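Worksheet for the structure shown next.
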Protein chains: 2
Amino acid sequence: MSTKKKITIKDIANVLGLSTSAISKALNDDSRISEKTKKAVRQVAENLNYQPNHLASALRSGKSRLVGVIIPRNNSNFFSSVLENIEEVLNEKGYNIIITQSNESFEKECKCIESLLFTQVDGIIASMANETTDLSYYEKIKAKGIPLVLFDRGEMALEVDYVGIDDYETSFKIVDHLLAQGCTRIAHMGGYDDTRVYGNRIKGYKDALKERGMPIDERIISKNKLRIDDGRKVMEALLELPNRPDAVYAASDFAALGALQILNERGVKVPEEIALVGFSNEPFTSFLSPAISTVNQNSAQIGKLAAEAFLNRVDAPVEKGEVKKIIIETELLVRASSDKKIR
Amino acid sequence: MSTKKKITIKDIANVLGLSTSAISKALNDDSRISEKTKKAVRQVAENLNYQPNHLASALRSGKSRLVGVIIPRNNSNFFSSVLENIEEVLNEKGYNIIITQSNESFEKECKCIESLLFTQVDGIIASMANETTDLSYYEKIKAKGIPLVLFDRGEMALEVDYVGIDDYETSFKIVDHLLAQGCTRIAHMGGYDDTRVYGNRIKGYKDALKERGMPIDERIISKNKLRIDDGRKVMEALLELPNRPDAVYAASDFAALGALQILNERGVKVPEEIALVGFSNEPFTSFLSPAISTVNQNSAQIGKLAAEAFLNRVDAPVEKGEVKKIIIETELLVRASSDKKIR
DNA sequence: TATATTTGCTACATCGTTATAGCAAATATA
DNA sequence: TATATTTGCTATAACGATGTAGCAAATATA
């Protein structure tokens with residue numbers, strides 16, 4: 001009943017009168033073992049219900065077949081979709097993933113790295129916490145020669161592979177869309193611009209306006225944490241202005257939600273009086289009325305590409321192999337909140 | 001520069017002219033090593049930037065200090081909150097967690113179990129996929145003597161520790177609340193009743209009505225996957241009925257959302273004409289207008305208790321130690337969708 | 001003072017695999 | 001037929017830690 005006794009390759013070896021090396025090779029499909037023996041070994045392994053001891057092989061081979069993933073927080077659809085795809089790609093190659101959450105805290109992020117290294121992961125795929133500016137822990141990973149791939153929240157300063165979207169370019173798409181809707185005064189709810197992502201969105205927004213010959217008014221540009229409440233407060237302030245904006249581009253769906261709540265509460269017509277666009281395609285944006293236009297970041301693709309970047313690094317020589325920065329296309333999802341039905 | 005060379009206890013031993021056993025013992029704070037030596041060892045370890053090899057100690061000690069967690073899907077707030085708390089409790093005790101997702105598929109769930117066992121986890125904390133009825137894989141975990149804790153989606157059939165809410169009792173709370181609001185015809189959007197969770201909610205709903213002397217009408221009880229679209233379809237059908245319900249209790253927030261969309265689209269006043277209550281406290285329920293009343297499942301507590309249940313199993317003799325079924329209180333969050341302001 | 005106990009360490013085996021070297025038999029090549 | 005190569009396996013030593021046995025010196029007990 002109780003399978004207390006653990007079956008090892010030694011047991012298989014005893015049954016077949018072979019050496020443990022032969023068993024190990026047979027199970028790993030080594031060319032120097034005859035087909036006949038392999039078949040017999042596999043048969044016996046199954047009969048005995050043999051389960052390879054991962055720890056032993058990892059210790060001996062120096063490969064744990066474990067990949068650590070660090071995400072800021074697992075409450076957004078974006079990250080859970082990225083994770084799902086990383087897992088799918090890596091599982092196929094025999095890797096398991098260990099997921100850790102930094103909770104947007106630099107300190108916790110360091111702990112995550114520590115414990116992943118402790119667990120002897122073969123690589124780390126990470127999205128940095130917003131508050132992280134000290135890159136020494138990431139340098140430590142690199143120094144150990146462990147493949148490191150960043151996604152979404154990266155740092156160009158770090159010489160590592162990166163997969164993300166073009167935030168700058170996406171701001172152009174949004175601004176152009178709003179201009180095409182006839183908007184002439186587009187406000188921006190931005191994140192703190194010391195994070196690359198939000199900085200680029202702000203920069204793209206300003207450059208787009210400039211290139212289209214529109215004025216930039218700092219009074220309708222805000223920077224904060226982009227939570228629902230931030231969106232509410234900023235929207236309230238915007239409505240107080242002598243000349244209201246006729247569009248709001250929020251760099252986060254949560255801020256956009258806050259803005260929409262205020263607009264609905266005040267009876268401001270969306271999109272007729274003020275058009276609204278968010279960012280990230282959180283599922284709830286489509287639940288609301290009006291549904292909020294937003295940006296699909298192709299999270300599935302980001303996950304797949306990040307996993308593949310890791311796999312390439314494992315094979316390819318790590319040293320001096322020109323890091324890859326992969327930027328993928330975003331898709332502007334135009335919904336009711338910014339669709340004036342103009343043709 | 002490149003720390004290619006790995007530092008082991010052997011290196012520390014060489015520096016100090018001691019044996020490796022002495023180093024191991026010193027680092028593990030063995031009483032048979034003098035304070036002076038311990039201090040010296042710790043000092044050298046730090047100087048050399050020694051990182052213990054987890055695989056080696058896991059192999060030798062037979063304890064990996066890894067705990068596997070299986071969740072159906074990581075897109076709900078509930079699971080991500082449970083995870084966060086499991087991690088917090090276990091990290092503190094020196095455990096790392098490996099998160100796997102079954103995607104609600106029995107087949108994938110089996111793979112998750114396989115790969116967790118392969119990774120030699122010290123225990124598994126799981127919430128079962130809805131379609132799982134064959135418990136043989138879970139029996140396999142038990143047979144191996146590895147602590148197993150189920151949460152939320154469990155099976156009484158399995159003799160293992162369990163942490164969850166009282167779905168049956170919660171249905172009483174909801175029905176009573178709706179009755180108190182003056183509702184007399186309460187519809188139920190339920191899940192498939194072969195899953196314990198949904199079965200209990202349905203049972204609680206019916207028994208509550210019975211106990212309060214209300215009739216049960218099968219025509220206003222539906223069973224499906226409780227996605228947004230299911231909620232929409234069922235709500236449409238309910239509105240077609242000759243005698244509409246004046247309240248809807250949906251066993252999922254997503255179904256409740258679908259229902260609300262239809263009600264809003266048709267101009268049915270919520271809660272005046274039809275009151276609505278969901279289940280799970282997904283964040284979006286509070287974003288909507290009207291905000292949907294729902295049930296807070298105390299996910300944080302579930303996570304903490306599940307982790308603690310595992311820790312207890314590790315210490316306590318596993319055999320015949322009466323399994324613990326922990327049921328925690330839920331909280332009904334009354335919001336606009338069911339609050340008729342009656343006193 | 002003789003014996004028992006404690007202290008502080010060393011030597012060695014071990015966890016379950018895999019990597020390396022090597023060897024006999026079978027097969028290919030000259 | 002003699003030599004080279006391939007095939008199919010064995011023996012042995014790791015990987016890096018830890019647990020057990022044991023031993024000398026220091027300390028306690030009789």
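All figures in this text were calculated on a predicted structure; none of them were measured in a lab. Order of the sequence lines sets the chain letters (A, B, ...), proteins ahead of strands, with each chain counted from 1.
Salt bridge absent: Lys108(A) and Glu88(B) never bring a charged side-chain N and a carboxylate O closer than 4.0 Å. Ionic pairing of Glu308(A) and Lys93(A) is not present here: no N-O contact between side-chain nitrogen and carboxylate oxygen is shorter than 4.0 angstrom. A salt bridge is defined here as a Lys NZ or Arg NE, NH1 or NH2 lying under 4.0 Å from an Asp or Glu carboxylate O, and Arg42(A) with Glu35(A) meets this definition.
The interatomic distance linking Asp29(B) (CG) with dC9(C) (P) rounds to 13 Å, in whole Å. Per the geometry, CG belonging to Leu55(B) stands 12 Å off C1' belonging to dT17(C), to the nearest Å. Following rounding to the nearest Å, Arg32(A) (CZ) and dT20(C) (P) show an atom-to-atom distance of 13 Å. If you take CZ of Phe118(B) and C1' of dT17(C), they are 11 Å apart, rounded to a whole angstrom. dC9(C) atom P lies 15 Å from atom CD1 of Ile9(B), rounded to whole Å. Look at CD1 on Ile23(B): it is 15 Å from C1' on dA11(C), rounded to the nearest Å. Taking atom NZ of Lys38(B) as the reference point, atom P of dC9(C) lies 10 Å away to the nearest angstrom. What separates CG of Asn28(A) from P of dA19(C) is a distance of 7 Å, to the nearest Å.
With rounding to the nearest 0.5 Å, the separation of CD in Glu159(B) from CG in Leu135(B) is 12.0 Å.
Distances shorter than 4.0 Å separate none of the side-chain N or O atoms of Thr8(A) from OP1 or OP2 on dG16(C). Of the side-chain N and O atoms in Ser19(B), one or more sit less than 4.0 angstrom from OP1 or OP2 of dT10(C).
Nucleotides of DNA chain D with any atom under 4.0 Å from a heavy atom of chain A span, from 5' to 3', dT7(D) to dG16(D).
In the helix from dT1(C)-dA30(D) to dA30(C)-dT1(D), the end axes, each obtained as the rotation axis mapping the C1' atoms of four pairs onto the next four within a five-pair block, lie 40° apart to the nearest 10 degrees.
Annotation: of the two residues near DNA chain D, Pro52(B) and Lys25(B), the 5′-most nearest-nucleotide partner is Pro52(B).
Using cut-offs of 30° and 60° on the angle between ring planes, the pair Tyr137(A) and Phe106(A) is perpendicular. Between Phe310(B) and Tyr95(B), the ring-plane angle classifies as perpendicular under the 30° and 60° cut-offs.
For the side-chain contact (heavy atoms from CB on, under 4.5 Å) with Val160(B), the lone residue among Ile141(B), Leu148(B), Val149(B) that qualifies is Leu148(B).
Within a 6.0 Å sphere centred on NZ of Lys325(A), heavy atoms belonging to other residues, nucleotides or ligands number more than 12. A 6.0 Å sphere centred on NZ of Lys111(B) holds no more than 12 heavy atoms belonging to other residues, nucleotides or ligands. Within a 6.0 Å radius of CD in Glu114(A), other residues, nucleotides and ligands contribute more than 12 heavy atoms.
Using a 4.0 Å heavy-atom distance criterion, Ser34(A) is classed as a sugar-phosphate-only contact.
Closest to the Ser21(B) side chain, of the nucleotides dA21(C), dC12(C), dT18(C), is dC12(C).
With hydrogens and angles ignored, a donor-acceptor pair closer than 3.5 Å exists between the side chain of Arg60(A) and the base of dT18(C). Side-chain to base pairing of Lys10(A) with dT17(C): no donor and acceptor N or O lie closer than 3.5 Å to each other.
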